[in-house]
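Here the structure comes first, spelled out in structure tokens, and everything after it is commentary.
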Amino acid sequence: MSKQKTLKSPAAILAETVIKGIQEKKGKEIVLLDLRKIENAICDYFIICHGDSSTQVSAIANSVDKEVKKDTGEDPWHSEGYENSEWVLIDYVDVVVHVFQKQIRDFYKLEKLWGDAEITVIPEE
């Protein structure tokens with residue numbers, strides 16, 4: 001009897017690449033929200049993290065963009081927030097990345113808004 005391989009979806013591969021980009025710049029408290037089982041969800045995955053300063057937030061977002069482009073060839077469909085780097089959003093359609101400054105993340109509490117999602121905490125390296 002042969003074992004069937006589990007193939008990762010393009011969205012799951014993209015999410016792994018995003019997380020790698022975040023880890024490159026020491027993003028903090030990385031969480032992956034799996035929204036696939038939520039009816040009318042806007043994407044498959046949210047990835048949320050924060051940095052300690054606007055400089056770090058910008059560096060994390062730029063690292064994500066660079067890693068995704070290098071590994072998948074994809075550009076974001078939309079991005080915003082680079083001007084003040086308090087909350088940078090990078091939208092790859094199936095995967096949406098939120099890079100916050102800590103106080104902004106604490107204020108909006110996106111993880112709580114999507115409480116029905118399966119949440120995976122990514123261990124810090």
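Sequence positions, counted from 1, serve as the residue numbers for this chain.
Residue Ile90 forms a side chain to side chain contact (heavy atoms under 4.5 Å, CB included) with just one option from Val64, Val18, Asn62, and that option is Val64. Just one residue in the list Val97, Asp65, Val95, Val96 forms a side chain to side chain contact (heavy atoms under 4.5 Å, CB included) with Pro76, and that residue is Asp65.
Considering all non-hydrogen atoms of both residues, Lys25 and Ser63 come closest at CG-CB, 3.5 Å. The shortest non-hydrogen separation linking Leu33 to Leu110 is CD2-O, 4.5 Å. Minimum interatomic distance between Ile22 and Cys49 (heavy atoms only, all atoms of both residues): CG2-SG, 3.7 Å. Closest non-hydrogen pair, Ala11 versus Asp94, comes out as CB-CB, 3.8 Å. The two residues Lys20 and Glu67 have their closest heavy-atom pair at CE-OE1, 3.0 Å. Nearest approach of Val88 to Ala61, heavy atoms of both residues: CG1-CB, 3.6 Å.
Dense packing is recorded around CD of Glu29, with more than 12 heavy atoms of other residues, nucleotides or ligands lying under 6.0 Å away.
Salt bridge annotation for Arg36-Glu118: absent, with no cationic side-chain nitrogen under 4.0 angstrom from a carboxylate oxygen. Look at Glu16 and Lys8 and you find a salt bridge, because one of the NZ, NE, NH1 or NH2 atoms lies within 4.0 Å of a carboxylate O, short of that distance.
Asp34 has its side chain within reach of Tyr45: a pair of non-hydrogen atoms, C-beta onward, lies under 4.5 Å apart. At a threshold of 4.5 Å between non-hydrogen side-chain atoms, the residues Glu74 and Thr17 do not count as touching. Proximity of His50 to Ile104: side-chain heavy atoms (C-beta onward) are nowhere separated by under 4.5 Å. A 4.5 Å side-chain heavy-atom check between Lys102 and Asp52 finds every atom pair outside the cut-off.
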Please lay out, stage by stage, how Glu111 and Arg105 fare under the test salt bridge (Lys or Arg N to Asp or Glu O under 4.0 Å). CA-CA 9 Å; Glu111 294 95 327; Arg105 182 180 186 174; 2.5 Å; yes
Evaluate the criterion side chain to side chain contact (heavy atoms under 4.5 Å, CB included) for residue pair Cys43 and Leu35; output intermediate values, then yes/no. CA-CA 7 Å; Cys43 62; Leu35 306 174; 3.8 Å; yes
